[in-house]
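Here the structure is laid out as structure tokens; the discussion comes afterwards.
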Amino acid sequence: MTKQLLLIDGNSIVFRAFFAMHNQMDKFTNKDGLHTAAIYGFKLMLDHVLQNFKPDAALVAFDAGKVTFRTKMYDDYKGGRNKTPDELTEQIPYVRELIKDSGLHSYALANYEADDIIGTLAKKADDAGYKTLIVTGDRDLTQLASEHTTVAVTHKGVTDTEHYTPVHIEEKLGITPRQIIDMKALMGDSSDNYPGVTKIGEKTALKLVKQFGSVEELYDRIDELKKSKMKEHLLADEAIARQCKTLATILQDAPIKIGLADLTYTGPQKDELVKFYQQMDFKSFLKKMGADDVIGEEDNAQIAPIEYTVLTKDNITELNQLTDEVSFYLEMPEANYHTSPFAGFVVGKDGHWFTSRNMDLLKELPLKNLLTSSKIKKNVFNAKAQIVGLHRLGIDLENINFDLLLASYLLNTNDNSNDLGQVAHEHDYYDVQTDEEVYGKGVKRAVPDDDDVFFSHLANKARAIENLRKDLFKKLDENEQTPLYTNIELPLTRVLAKMEIAGIRVDAQTLKDMGSKLTERLAEIENQIYQEAGEEFNINSTKQLGHILFEKLKLPVIKKTKTGYSTAVDVLEKLADKSPIVEQILEYRQIAKLQSTYITGLLKVIHSSDQKIHTRYLQTLTQTGRLSSVDPNLQNIPVRLPEGRLIRKAFVPSHEGWQIFSSDYSQVELRVLAHITGDKNLQEDFKNGEDIHASTARRIFHLDPDAEIDRNMRRRAKAVNFGIVYGISDYGLAQRIHVSRAEAHEFIQNYFHEFPGVKKYINDTIEFARKNGYVETITHRRRYLPDIHAKSFSKRSFAERTAMNTPIQGSAADIIKIAMIHMQDELEKRHLKTKMLLQIHDELVFEAPKEEIPVLSTLVPKVMDSAVKLDVPLKVESKYGDTWYDLKK
DNA sequence: GGTCTCACG
DNA sequence: ACGTACGTGAGACCT
């Protein structure tokens, strides 16, 4: 039997793992605040490799430090690299512990890189007849590929690898592995920071290597090259090329003090690993280990077995045993529950699970009565989806007790997955898989035909809901969030369901007429733009547009993005006087946006059955407690610009003789700020019914109490007020109101001097977040801020700004949610025909019969301004009209 | 799938 | 010296 050796490039894999998980770094912090993404990624890679390759010997090689024989030869070797982030450095010792506990050896050697250790051992292994697998994130190591040595280079993430063998390299590049060194010597390496020959890149290097075979041979036969710039460069840079070849060559005879005999792979040390995973908070690995011992390594074998009864017309009376409390789950495979097909359902309690694909059974009395009963408690996942889904089937789901999704969101807004399995896993419950695991993803996603697979999954879901209920209720209680759940979020779910089901009538013809006009106008501007540009191009492509503006027309570059020139509004506005094309582009953008997002976009989502749009409000998504609206988003219908505002003409009442009625809170966030901070001056201004931006201007610009406030001053003060709520910086304010940074700084200083309570609040809140790791709103809604301790200035600053903003924005969200619940109660209690249709953060939109308008005019403001009792009054303004566009006081 | 831009509060 | 205001969703392009 051939012996097998596994060699892992520790540094490069750790790097890869760290950056692969970088975007979800928050998730990878253990309870001590240690970042664990790289450790986790390393472990994933290790598992993946060991699944396919069973080594007899294994080693993870690390760099010993910055100084190596290469830096001694070439000062700038690996120069210019960014400093390794602290969040990564802190993980290295733990990665080494993981390696040890996993039964692998690790090794570093002063003066040499990990590459050289790997090269040397690969050579020894080759000589001793081993089969070797090298795992790395660095293409350079592919030069080590040989008949017995394969180099696996991570492709994307850490488990997706490309295997380099001599054959693969021949196919890909047409050269041998050793010739990769010559290629690199000629082209240089920007990440290792050595130059290669001037003007020679990958293409030319490859050509030369194929022609001559090696750098040495190339210089021996350089006369064969015709006179050219390239030849001049080659001759001029000969010394560099030869030196780069040495730099690029991985040693195969480094003076390492270990041999193959020292590398025996012993397999994982389970007890140690369990302790380690516990320390790291790696719950899923822990679970896997526990299950591995008893059941084996099958993925789904982890899940505790479950029994279920397939429900039929004949046995449906068995449901009559369920009299106090059940878990229920209606499976709708598509995200949009207004239109999704129904795949099946499960109902039951305490090990008795009844499931079926037959939706007709829901209409059978034993089940229908159970669902509509106000006596029997229902425990569900995503109550709103269940209410809407069952409503489509003619069933009113009553007495919802526990919503796993909602409770989980309140406990931690970061756990905002809409997948039951994932949410369960967040709470350390693993006896249910995710939908992706069972149904697949992308085009392959489908509810399985196999009844047992599907029904087991449904039963697992119902069981998960039941098993997590107590635990989550307890956690809500510990966080003082039970009233938030019971009195606000859960009742709100029902209100939102009603609004979504009601939908808002949208007149397609109005949109189409506007669309034709826009199309015409768009064609005109398009032509003007092509004229100015002197050629046709895709105006929607920022890349092509950037080329035209900044290269062809040579307009000054104001701002760059990661990938090219910025062409955003603020940039174009600064260029407006340079060329007429700029204004044409601005107009084109404005109209194109209306056309694509609001004309075609909305037309696509009008239901043909009722001419209405039924949005979905996401109640468990935002970090602050606001709602969001999708499919379509009805919270960003144009209003600011007159052209866009016309879109609102298409939003009409659904009955003849009805009108649209709307009420909004004025300056609710600033009022919340006044309340939360307890600032006496700010509170006084609101209590006196002042125009708050004007009175702010008066204070921060030190004006007389009866002085005229000109528009510009009020505008600036308004910007300062907004800035305060968002966590201001002088730079940001200066940008926004076009003043110098020094002036902006002075405005802010004046503000804090005039409103000392606000200043104190900001400091206290950041302090609270540092101490507790979270901030909260007036209803104890929480947002965790792990980055409050980040070493990176910008991350930490961001966390600090959100720390102060979230209680403001979130409390405002709390207030309108309470108002919505009260409002819906009032509408029902008074038997009004009026329907609440939309919520836009500080605004509620209704449709109402004309005769109810006078009632609403007093009722809605009364309900809204009395939703909570703050230290300052809340102010509500109402408007109504024949369409959403025509609203008037 | 990521990036850019732009619509709203 | 850092890098620059909070919260969202959607369409278009490009890799």
Side-chain angles (χ1 to χ4, degrees), chain A residues 23 156-157 413 416 442 537-546 559-572 585-586 588-602 604-605 615-618 621-641 643-645 647-648 664-669 673 719-737 741 744 748 775 783 790-810 812-813 816 838-843:
Chain A
N23 50 356
K156 210 174 133 189
T413 50
N416 56 13
F537 65 101
N538 186 345
I539 308 167
N540 287 321
S541 160
T542 46
K543 203 176 156 201
Q544 294 182 36
L545 180 62
K559 198 165 77 181
K560 290 203 146 206
T561 66
K562 274 185 219 168
T563 52
Y565 309 108
S566 169
T567 64
V569 187
D570 57 319
V571 173
L572 294 186
I585 288 163
L586 285 168
Y588 177 90
R589 283 247 179 98
Q590 201 194 114
I591 297 174
K593 174 82 175 176
L594 292 178
Q595 183 75 293
S596 62
T597 307
Y598 296 105
I599 303 285
T600 3
L602 289 177
K604 268 190 272 193
V605 289
T615 186
R616 283 183 299 134
Y617 288 103
L618 304 187
L621 181 135
T622 68
Q623 298 299 308
T624 55
R626 276 190 175 183
L627 301 175
S628 85
S629 158
V630 294
D631 290 345
N633 181 357
L634 292 183
Q635 291 181 318
N636 71 348
I637 301 302
V639 65
R640 291 193 252 233
L641 298 175
E643 299 87 341
R645 195 173 191 145
I647 298 283
R648 296 185 171 218
D664 69 305
Y665 285 110
S666 79
Q667 293 124 13
V668 63
E669 290 192 352
L673 181 74
V720 173
N721 276 330
F722 272 97
I724 294 295
V725 171
Y726 295 151
I728 203 163
S729 75
D730 50 12
Y731 180 92
L733 181 64
Q735 285 276 305
R736 204 147 287 248
I737 58 173
R741 194 170 170 166
I748 296 168
V775 290
R783 177 177 186 173
K791 295 212 172 69
S792 143
F793 173 86
S794 69
K795 279 198 168 168
R796 195 175 60 249
S797 303
F798 186 72
E800 287 169 0
R801 291 197 293 273
T802 47
M804 63 141 305
N805 172 266
T806 297
I808 312 288
Q809 192 183 114
I816 196 166
L838 304 175
Q839 188 252 44
I840 306 142
H841 310 305
D842 60 0
E843 174 186 5

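Below, chain A is the first sequence line, B the second, and so on; all start at residue 1. What's counted below: heavy atoms across the whole structure, side chains too, no hydrogens, waters or symmetry copies.
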| Among all residues two or more places apart in sequence or in another chain, which pass the side-chain contact (heavy atoms from CB on, under 4.5 Å) test with A:Phe537? | A:Ile529, A:Tyr530, A:Ala533, A:Ile539, A:Gln544, A:Leu545, A:Ile548
| field | Residues which pass side-chain contact (heavy atoms from CB on, under 4.5 Å) with A:Pro632, listed by chain and number, not counting sequence neighbours | value | A:Leu602, A:Val605, A:Ile613, A:Thr615, A:Leu634
| Residues forming a ring-ring contact (aromatic ring centres under 6.0 Å, His included) with A:Tyr565, sequence neighbours excluded | A:Phe550
| said: Donor-acceptor pair, distance only, cut-off 3.5 Å: does the side chain of A:Arg648 make one with the backbone of A:Ile637? | reply: yes
| So, does A:Gln809 use its side chain to make a donor-acceptor pair with the main chain of A:Glu669 at under 3.5 Å? | no
Just checking [X]: base, sugar-phosphate only, or nothing, at a heavy-atom cut-off of under 4.0 Å?
X        : answer
A:Ser792 : nothing
A:Phe798 : sugar-phosphate
A:Ile808 : nothing
A:Gly727 : sugar-phosphate
A:Ala803 : nothing

| field | Base C:dC6 to side chain A:Gln809, donor-acceptor N/O within 3.5 Å cut-off | value | yes
| message | For C:dT4, does the base pair up with any side-chain atom of A:Arg736 as donor and acceptor (N or O, under 3.5 Å, distance only)? | response | no
Of the listed nucleotides ([options]), which one gets closest to any side-chain atom of [X]?
X        : options             : result
A:Arg640 : C:dG3, B:dG9, B:dT5 : B:dG9
A:Pro638 : C:dG7, B:dA7, B:dG9 : B:dA7
A:Arg801 : C:dT4, C:dC6, B:dT3 : C:dC6
A:Ala568 : C:dG3, B:dC6, C:dT4 : B:dC6
A:Asp842 : B:dG9, B:dT5, B:dA7 : B:dG9

| P spacing across the pair B:dC6 / C:dC2, given as an integer number of angstrom | 27 Å
According to salt bridge (Lys or Arg N to Asp or Glu O under 4.0 Å), who are the partners of [X], at least two apart in sequence or on a separate chain?
X        : value
A:Asp842 : none
A:Asp730 : A:Arg741
A:Glu800 : A:Arg770
A:Arg783 : none

What is the separation between atom [atom1] on [X] and atom [atom2] on [N], rounded to the nearest whole Å?
X        : N     : atom1 : atom2 : value
A:Tyr731 : C:dG3 : OH    : P     : 12 Å
A:Lys791 : C:dA1 : NZ    : C1'   : 19 Å
A:Glu800 : C:dC2 : CD    : P     : 18 Å
A:Lys559 : B:dC4 : NZ    : P     : 11 Å
A:Glu843 : B:dC8 : CD    : C1'   : 10 Å
A:Asp570 : B:dC6 : CG    : P     : 8 Å

| query | How does protein contact run along nucleotides 8-15 of chain C, one letter per nucleotide 5' to 3', with B for base contact, S for sugar-phosphate only, - for none, heavy atoms under 4.0 Å? | reply | SBSSSSSS
| message | Does a side-chain N or O of A:Thr563 approach OP1 or OP2 of B:dT3 to a distance below 4.0 Å, or not? | response | no
| said: Can you tell whether the side chains of A:Arg589 and A:Glu643 come within less than 4.0 Å, N to carboxylate O? | reply: no
| With pairs taken as Watson-Crick or G-U wobble and both distances under 3.5 angstrom, which stems of at least three consecutive pairs involve DNA chain C? | B:1-9 with C:6-14
